[in-house]
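Single-structure report; data block below.
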Amino acid sequence: MTVGNRPIALRGAAEQRAAELRAELRHHDHRYYVLDTPEVSDAHYDALMRELAALEEEFPELRTPDSPTQRVAGMPATTFAPVTHRRPMLSLANVFDDGELSEFDERVRKLTGEAQVTYVCEPKMDGLAVELVYEKGRFVQGSTRGNGVVGEDVTANLRTIRSVPLTLEGAGLPQLLEVRGEVFLRTEDFKRLNARQEEAGDQPYVNPRNAAAGALRQKDPAVTAARPLSISFYEVGEVDGRAFATHWEKLAFLRELGLPVNPRNRRVEGLQGVHDAYAALLEDRHGLPYEVDGLVVKVDSEDLRLRMGAVSKAPRWAVAYKFPAEEAETQVEDIRVYVGRTGALTPVASLRPTKVGGVVVSRATLHNQDELKRKGVRIGDWVFIRRAGDVIPEVVAVIPSRRTGEEREFVFPTTCPECGAPTAREEEGAVIRCTNEVDCPAQMHQQLLHFASRNAMDVEGLGEELAGQLLRARLVRTPADLYRLSREQLVALERMGEKSADNLLQAIERSKHVTLRRFLYALGIRQVGEATARTLAGSFRDVRALADADVERLTQVKDVGPLVARSIHHYFQVPTNRALVEALLAAGVAPTPPEEVSGGALAGKTVVLTGELSAMSREEAKAEIERRGGKVSGSVSRKTDLVVAGEAAGSKLKKAQELGVKVLDEQGLLALLQGG
DNA sequence: TGTCCTCGAGTTCC
DNA sequence: CTCGAGGACA
């Protein structure tokens with residue numbers, strides 16, 4: 001027996017799945033709209049909705065009037081007065097890739113009979129849609145979208161938004177004007193708000209949109225006022241005595257009235273124009289001061305819009321082209337502890353591999369014990385993860401409602417997982433360390449890698465894998481042993497040919513000629529990074545002199561305070577460290593003190609490099625600047641004399657412009673280096 | 001004493 | 001890149 005041409009069993013399964021999906025979607029709607037505490041990401045919600053829509057497409061008899069697919073979204077809360085929109089506030093259909101966008105464009109052209117359509121592209125700000133009503137130019141009522149037909153009266157809260165004009169100016173104001181826009185939190189304001197939440201001991205918000213939703217739904221407008229919401233307008237609803245031929249005209253009208261309109265809106269021609277706008281926005285996405293989750297594409301001509309109309313919940317003439325999700329949820333399969341160069345124990349979550357922000361993420365750091373405790377992550381937990389731009393993936397929050405009771409609390413080890421030595425927490429410090437200063441294999445491994453790294457001794461070819469092999473084969477215990485390696489010993493290692501062995505030996509040999517600053521940095525003394533190593537090299541000019549210096553003498557060095565001084569002094573008090581230095585010197589490592597530079601072209605200047613340089617690497621540029629007496633620093637401040645901005649320079653360039661610091665491009669730098 | 005500026009350290013993926 | 005904290009300086 002079949003229904004239509006499908007076996008009944010299949011239909012039965014579909015029916016059951018549809019019921020499950022509906023129940024789940026309703027649950028999430030409640031969490032999201034009523035409780036303001038969503039427990040799944042938008043991407044997850046979208047996926048459920050799409051699955052349900054697909055099922056209903058295939059089995060139309062399953063499409064019930066109360067299905068979540070049949071209404072816009074959400075439900076009115078009980079705490080605010082209901083407002084019925086004069087015209088329903090529709091939501092937008094989503095597309096997720098080029099193919100789906102092309103289908104949209106094709107549909108538009110077919111329905112309108114046009115060969116090419118003009119579109120308006122607007123950044124889709126991640127916030128909440130609202131409608132504001134102006135009567136004779138006075139702001140009289142504001143409401144949320146709600147379910148699209150009935151929303152909530154949030155007039156008092158909207159009044160607290162500084163960029164919402166309470167009265168409109170200008171000649172020929174309409175008697176009645178409805179405007180629609182998005183309420184959102186700027187990224188900066190979001191961070192500040194969350195910092196305050198945490199200080200007050202409250203749960204931080206997962207993202208700016210939820211924070212904005214929370215702020216808008218405050219019963220006390222004073223609380224809303226303390227949360228600096230922003231607004232951007234993009235549509236006109238009901239309006240008296242004013243007709244618009246295009247959407248672009250409408251946006252201009254809004255702007256003339258003094259209503260904020262996004263300056264990134266673009267009017268483009270055809271599909272290609274939309275593609276370009278999308279690519280450009282995606283590129284700038286993280287430079288914008290607010291979160292954007294896609295591009296809204298609207299047919300510009302009002303006439304064409306009328307001819308196209310709307311389907312049940314969304315207009316046919318517009319679509320939201322979504323960016324790849326930067327948030328996802330996944331399960332914590334395990335929590336492991338890694339031991340770093342300084343012995344710091346770092347808990348890392350092993351995640352079920354999940355695609356987020358375009359890449360598959362399988363690990364995320366939990367930083368330290370405090371962080372772990374604050375987030376309350378347990379093994380087996382479902383968590384929100386987020387990866388914005390090039391930023392390292394992070395666990396944002398646990399999703400408590402997905403707990404089954406099977407989750408295990410993670411117990412921070414009291415002994416080092418690598419060497420078994422007891423672990424200890426430093427006074428006032430957040431990190432827990434392995435107390436074995438001498439022969440913890442993990443620390444030895446990391447120290448060896450650090451010693452050989454590019455900015456230290458620069459032993460090319462000595463990476464993660466090889467360092468491990470050398471240690472395991474007991475060919476190397478300290479960095480000094482590198483200088484005793486023979487060709488025979490190396491060739492005996494797995495995956496090590498004669499050519500590779502020779503290359504490595506050469507690299508090791510080359511590293512004997514090293515500057516004192518690199519040498520000091522390579523030792524891995526705690527609190528001594530590249531910058532401190534440089535000042536120490538200039539001040540002492542000899543390792544043994546540094547090793548013999550007492551705390552008082554060390555403190556006299558610029559940028560060295562009591563803590564750094566004690567750390568250096570302590571390092572040379574440990575006999576094995578002292579022995580290491582002597583062994584290195586005996587092996588032929590000959591650190592050279594820096595040349596005295598005086599009166600170079602950049603003497604005494606602080607320079608910051610940002611962006612991508614093409615003619616030289618960052619390291620080369622740094623060396624050239626230093627040779628002329630300049631100092632290269634990592635962050636821009638008022639004390640910075642010059643910022644060199646290469647290709648695709650980001651936040652540092654912006655900061656330089658804000659502070660009025662002199663900026664040069666790469667050409668400018670080259671000219672300066674040559675001239676000097 | 002408080003504020004600003006830097007530096008060190010840790011980290012993920014390709 | 002970000003966080004936290006050391007160090008300089010007013």
Side-chain angles (χ1 to χ4, degrees), chain A residues 187-188 191 194-195 198 286-287 326 330 336-351 353-372 374 385-396 426-433 442-443 446-447 449-450 453 455-456 463-464 517 520-536 554-568 571 606-611 618 631-641 648-652 654-656 659 661:
Chain A
T187 321
E188 222 173 273
K191 282 185 185 153
N194 251 3
E198 286 196 62
H286 297 290
E326 294 192 326
T330 187
R336 291 186 204 158
V337 170
Y338 290 87
V339 182
R341 168 170 67 90
T342 62
L345 267 55
T346 306
V348 174
S350 298
L351 305 169
T354 310
K355 198 161 179 175
V356 45
V359 299
V360 176
V361 169
S362 57
R363 291 195 308 186
T365 178
L366 294 163
H367 295 110
N368 55 53
Q369 194 181 24
D370 291 344
E371 179 92 354
L372 192 64
R374 196 153 49 82
I385 57 170
R386 156 179 267 269
R387 180 184 174 275
D390 289 334
V391 176
I392 290 163
E394 58 165 345
V395 172
V396 180
E426 275 161 30
E427 281 172 67
E428 316 255 336
V431 283
I432 292 178
R433 288 178 200 279
Q443 287 185 57
Q446 294 302 316
Q447 277 160 16
L449 282 171
H450 172 77
S453 68
N455 294 332
E464 183 92 17
R517 57 179 286 207
L520 293 178
Y521 173 64
L523 292 177
I525 303 166
R526 280 188 54 200
Q527 312 288 343
V528 178
E530 284 185 83
T532 308
R534 183 174 177 224
T535 42
L536 290 173
L554 288 163
T555 316
Q556 286 162 12
V557 178
K558 188 170 158 294
D559 293 330
V560 175
L563 189 130
V564 179
R566 255 183 286 134
S567 174
I568 297 167
Y571 177 89
T606 301
V607 183
V608 174
L609 302 173
T610 181
R618 217 175 247 239
K631 181 167 157 354
V632 175
S633 170
S635 53
V636 180
S637 73
R638 259 163 301 177
K639 288 192 178 169
T640 310
D641 296 293
S651 60
K652 285 187 217 168
K654 218 175 97 190
K655 180 129 187 229
L659 295 174
V661 173

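Each of A:Val360 and A:Gly343 lies near DNA chain B, and the nucleotide nearest A:Gly343 is the one positioned closer to the 5' end. Nearer to the 5' terminus of DNA chain B, by closest-nucleotide assignment, is the contact made by A:Thr342 (compared with the other of A:Thr342 and A:Arg363).
At least one side-chain heavy atom of A:Ile568 sits less than 4.5 Å from a side-chain heavy atom of A:Leu536. Looking at heavy atoms from C-beta onward, A:Arg336 lies in side-chain contact with A:Ser350 at the 4.5 angstrom threshold. No side-chain heavy atom of A:Tyr338 sits under 4.5 Å from any side-chain heavy atom of A:Leu345.
A:Ile568 places its CD1 atom 10 Å from the P atom of C:dG7, with the value rounded to the nearest Å. For the pair A:Leu351 CG and B:dT11 C1', the computed distance is 14 Å after rounding to whole Å. Here the P atom of nucleotide B:dC5 and the CG atom of A:Asp641 are 13 Å apart, to the nearest Å. The distance from atom CD of A:Gln446 to atom C1' of B:dG10 is 10 Å, rounded to the nearest whole Å. Between the CG atom of A:Leu449 and the C1' atom of B:dT11 there is a distance of 14 Å, rounded to whole Å. Between the CD1 atom of A:Ile432 and the P atom of B:dA9 there is a distance of 19 Å, rounded to whole Å. Atom pair A:Leu523:CG and B:dG8:C1' shows a separation of 16 Å (rounding to whole Å applied). For the pair A:Arg387 CZ and B:dT11 C1', the computed distance is 13 Å after rounding to whole Å.
Comparing atom distances between the A:Ala344 side chain and each of B:dG10, B:dA9, C:dG7 picks out B:dG10 as nearest. Which of B:dT6, C:dG7, B:dA9 sits closest to the side chain of A:Val564 comes down to C:dG7. The A:Ala531 side chain lies nearest to B:dC7 when the options are B:dC13, B:dC7, C:dG7. Nearest to the side-chain atoms of A:Leu563 among the listed nucleotides C:dG6, B:dC14, B:dG10 stands C:dG6.
Close to B:dG8, at under 4.0 Å from its OP1 or OP2, lies a side-chain N or O of A:Thr532. Of the side-chain N and O atoms in A:Arg638, none sit less than 4.0 angstrom from OP1 or OP2 of B:dC4. Here A:Ser362 does not reach the OP1 or OP2 of B:dT12: none of its side-chain N or O atoms lies under 4.0 Å away.
Sorted by first and then second residue, the salt bridge (Lys or Arg N to Asp or Glu O under 4.0 Å) pairs involving residues 358-369 of chain A (not counting sequence neighbours) form an empty list.
Counting any heavy atom pair closer than 4.0 Å across all strands shown, A:Gly561 reaches sugar-phosphate atoms only and no base atom.
Legend: residues meeting side-chain contact (heavy atoms from CB on, under 4.5 Å) with A:Glu464, ordered by chain and number and at least two apart, are A:His445, A:Leu449.
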